[in-house]
Amino acid sequence: MSQNILLADLLLPNIEKTPDYYENLYPARNLPEGARVVRIAPSPTGYLHLGVLFAALVNRITATTSGGVFFTRIEDTDKKREVKGGIEDIIDGLNRFGITIDEGFISGKEQKGNYGPYQQSHRAEIYQTYAKELIRQGLAYPCFCTAEELGALRDEQEAGKIRTGYHGEWAKCRELSLEQIKANIEEGKPFVIRLKSPGNEENKVIFDDAIKGKIEMPENDEDFVLLKSDGIPTYHFAHAIDDHLMHTTHVMRGDEWISSVPKHIQLFKILGFKVPKFAHISPIMKLDNGAKRKISKRKDPEAAVHFFAEQGYMSEAVIEYLMTIAASDFEDWRRANPDKSYKDFKFNLKKMSVSGALFDGVKLLDVSKNIVCRLNSIEVYNFVTAWAKEFDKEFYSILTKNPEYSKSVFAIDRDVPKPRKDIAKWNEVKDYFSYMFSEYYTPDLTLPENVAKEDAVLFLEKYKAVYSPDDDRQEWFNKIKAIAPQLQFASETKEYKANPDAFKGHAGDLSTVLRIAITGRRNTPDLCSIMQVLGYDECLKRIENAIRG
RNA sequence: GGCCCGUUGGUCAAGAGGCCUAAGACACCGCCCUUUCACGGCGGUAACACGAGUUCGAAUCUCGUACGGGUCACCA
């Protein structure tokens, strides 16, 4: 035993505290029964990934539903992969999506809470303290194996068809004597600290995953690395210590971690910690050449959450869509509670899919339309201009040149009892309303097949004479109906349908002619409103242009 | 390859041995409404991976096969 204490001091001479110090520093949280303490622990290796957003959402809503705490912790123990500005990108990204953070990094720069620091690179002493304790107890040891040696070991195992890894008799450094270790250290050989795993592959470890259910796996017997040669912990070790000290009750993370759970459970037990509840979230998938695969940062633009901002999706829409994936009963709830915030939804982990869902951009569009159609013209104006300011400067200046006009454009078929459901994302707006802005107006004056050019011209001439900008919808259409018979068109559609041979067409066809003259399109929102917004002079100009054309 | 997990219409999914002649949503198609388009209403096409077994009875339980996914680092 004293050998172990000597070893501990030799390996980690600068560590003077003991685990008790930290146990006292971070007392249990004072939370009501049933409150769940959850977290996301992203590593700052790039921009905010859709999967991280999804995990954050699930954690957030779990904390909210249970009256618990949602915190963030930065897992920056791999300095090689670290990206500058990575923390800001992730945390600020979450904020932009309305994911509120109770504790930890609440912005790119600020941390909040009594269980910090919330950045693993600032917690080295804590991990080393626990590692030292493990060494003292003979549960961890130094390993001097080089990458080459480890590679050779692996090759040997593969050749002999033996399970690979640093376990059992393959764990050479387990047997090193104190003298050998001393000599190695004096030679300046780098070393890692490994767990002396008490596990046996023959035994089973069973745990109940809150999402996936009961899972049974062989016990861990690998002497995996606790502390890397730079004294920084691996994920596994940091996870056990941080989630214990931060009193996480539910570890909800991507399901790529499932296979490591035996390691984690073993660590928690060895360290004398209470094992948290695990919930492994299935990844969001993507169809690639007919094959399903996890959505990838490298291959899929939509993996980066920034993509949605560029396209002009509302963050609410993305969240709403993610909720439909997260909870199979969410859509039913939404129908019953159309006006509530998703935050009021009672989230149940059991309603999460066990297998990964394919990302469905078409469904997102639909969800998005349902949200946008509830906005009024002022809100749309504000959102579109905010979007354009960042992603379409030209459109921005056009929109803001005459804000009142722009707002009246967005009011068309919107500030009415039954708003139109058309726009899903802001980058569609320019094209959708192009005819409302002279800069983008490129008319296609092709007439429908059933209307002759002469009739169209004649109609426009007659209409021009009676057109008044003050006409309401009723009056507006009445004028078209009044002209119809003069051109052998039916005033009423029913009239035409009852006796199609008696007419060239019906008033609807003529309104299409007018629509084409005014907008250069065959399909638009309410034409009467469009003409009112465009104004008399502009409409007249366009009608005359169409007559000439 | 070892170890885990999964497989219900094109997609998301409900489903916990008889309520399944298998719900709903998106997409698609048709009809109605309608000045176009959209909205809305009504209707339609379309699924339990396969094979054994247990059972009076299986989408649901068991086993096997196939396929898909994850994981096997001093990365997280």
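Letters A, B, ... are given to chains in the order of the sequence lines, protein chains preceding strands, and every chain is numbered from 1.
For CD of A/Glu149, the number of neighbouring non-hydrogen atoms (other residues, nucleotides, ligands) closer than 6.0 Å is greater than 12.
Atom P of B/G18 sits at a distance of 29 Å from the matching atom of B/U65, rounded to the whole Å. Here, B/U21 and B/C26 have their P atoms 26 Å apart, quoted to the whole Å. For the C1' atom pair drawn from B/U55 and B/C63, the interatomic distance equals 16 Å after rounding to whole Å. Taking atom C1' in both B/G24 and B/G70, one finds a spacing of 30 Å when rounded to whole Å. Taking the C1' atom of each, B/A46 and B/C32 are spaced 24 Å apart, rounded to whole Å. When the C1' atom is used for both B/A49 and B/G6, the distance is 12 Å, rounded to whole Å. As rounded to the nearest Å, B/U36 and B/A22 have C1' atoms that lie 40 Å from one another. Rounded to a whole angstrom, the distance from the P atom of B/C50 to that of B/C67 is 15 Å.
If you check every strand for non-hydrogen atoms under 4.0 Å, A/Ser282 touches nothing. Residue A/Arg253 is classed as having no contact, given no heavy-atom separation below 4.0 Å to the nucleic acid. No contact: A/Thr45 has no heavy atom under 4.0 Å from any strand. Contacts of A/Val225 with the nucleic acid, taken as non-hydrogen atoms under 4.0 Å apart, involve only primed sugar atoms and P, OP1 or OP2. At a threshold of 4.0 angstrom between heavy atoms, the contacts of A/Lys161 with the nucleic acid are absent. Here A/Ser43 lies in heavy-atom contact (under 4.0 Å) with sugar-phosphate atoms only. Residue A/Ala357 is in sugar-phosphate contact alone, with no base atom involved, counting any heavy-atom pair closer than 4.0 Å across all strands shown. Residue A/Asp78 is in sugar-phosphate contact alone, with no base atom involved, counting any heavy-atom pair closer than 4.0 Å across all strands shown. Counting non-hydrogen atoms under 4.0 angstrom, A/Arg163 reaches nothing in the nucleic acid. Using a 4.0 Å heavy-atom criterion, one finds that A/Lys479 contacts no nucleic acid atom at all. In this structure, A/Glu216 reaches the sugar-phosphate backbone alone: every heavy-atom distance under 4.0 Å involves primed, P, OP1 or OP2 atoms, never a base. At the heavy-atom level, A/Asp526 lies under 4.0 Å from base atoms of the strands shown. Backbone-only engagement by A/Ser355 is indicated by non-hydrogen atom pairs under 4.0 Å involving sugar-phosphate atoms exclusively.
Of the candidates B/G6, B/C4, B/C26, B/C4 carries the atom nearest the A/Met217 side chain, counting heavy atoms from C-beta on. Minimum atom distance to the side chain of A/Lys292 is reached by B/C12, of the listed B/C12, B/A14, B/C75. Ranking B/A13, B/C72, B/U35 by closeness to the A/Thr493 side chain, first place goes to B/U35.
The interatomic distance linking A/Trp170 (CH2) with B/G2 (C1') rounds to 15 Å, in whole Å. Look at CD on A/Glu331: it is 8 Å from P on B/C26, rounded to the nearest Å. We find that CH2 of A/Trp476 is positioned 13 Å from C1' of B/U34, with the value rounded to whole Å. Atom CD1 of A/Ile480 and atom C1' of B/U36 are 11 Å apart (whole Å). We find that NE2 of A/His506 is positioned 12 Å from P of B/C33, with the value rounded to whole Å. For A/Asp360 and B/C26, the CG to P distance is 12 Å, given to the nearest whole Å. Rounded to whole Å, the distance from CG on A/Asp255 to P on B/G68 is 18 Å. Summarising the geometry, the separation between CG on A/Leu527 and P on B/U34 is reported as 19 Å, rounded to the nearest angstrom.
By the 4.0 Å N-to-carboxylate-O rule, A/Lys363 lies too far from A/Asp366 to be salt-bridged with it. Between A/Glu158 and A/Arg154, at least one side-chain N (NZ, or NE/NH1/NH2) sits under 4.0 Å from a carboxylate O, which counts as a salt bridge. The pair A/Arg253-A/Asp243 fails the salt-bridge criterion, with no side-chain N (NZ, NE, NH1 or NH2) lying under 4.0 Å from an Asp/Glu carboxylate O. Under a 4.0 Å N-O distance rule, the pair A/Glu222/A/Arg194 does not qualify as a salt bridge.
You won't find any donor-acceptor pair under 3.5 Å spanning the side chain of A/Arg521 and the base of B/U36, going by distance alone. On a pure distance criterion of 3.5 Å, no polar donor-acceptor pair joins the side chain of A/Ser259 and the base of B/C72. Donor-acceptor pairing under 3.5 Å, judged by distance alone, is present between the side chain of A/Lys418 and the base of B/C39. For A/Thr512 against B/U36, a side-chain-to-base donor-acceptor contact under 3.5 Å is absent.
With A/Tyr441 as the aromatic partner, A/Arg542 meets the cation-pi criteria of under 6.0 angstrom to the ring centre and within 45 degrees of the ring axis.
Both geometric conditions, a ring-centre gap below 5.5 Å and a plane tilt below 30°, are fulfilled for A/Phe477 over the base of B/U35.
Both A/Ala41 and A/Arg515 lie near RNA chain B, and the one whose nearest nucleotide falls closer to the 5' end is A/Arg515.
A/Lys421 has a side-chain polar atom (N or O) that falls below the 4.0 Å cut-off from OP1 or OP2 of B/G40.
Between A/Phe489 and A/Phe503, the ring centre distance reaches or exceeds 6.0 Å. Aromatic ring centres of A/Trp257 and A/Phe278 lie farther apart than the 6.0 Å criterion allows.
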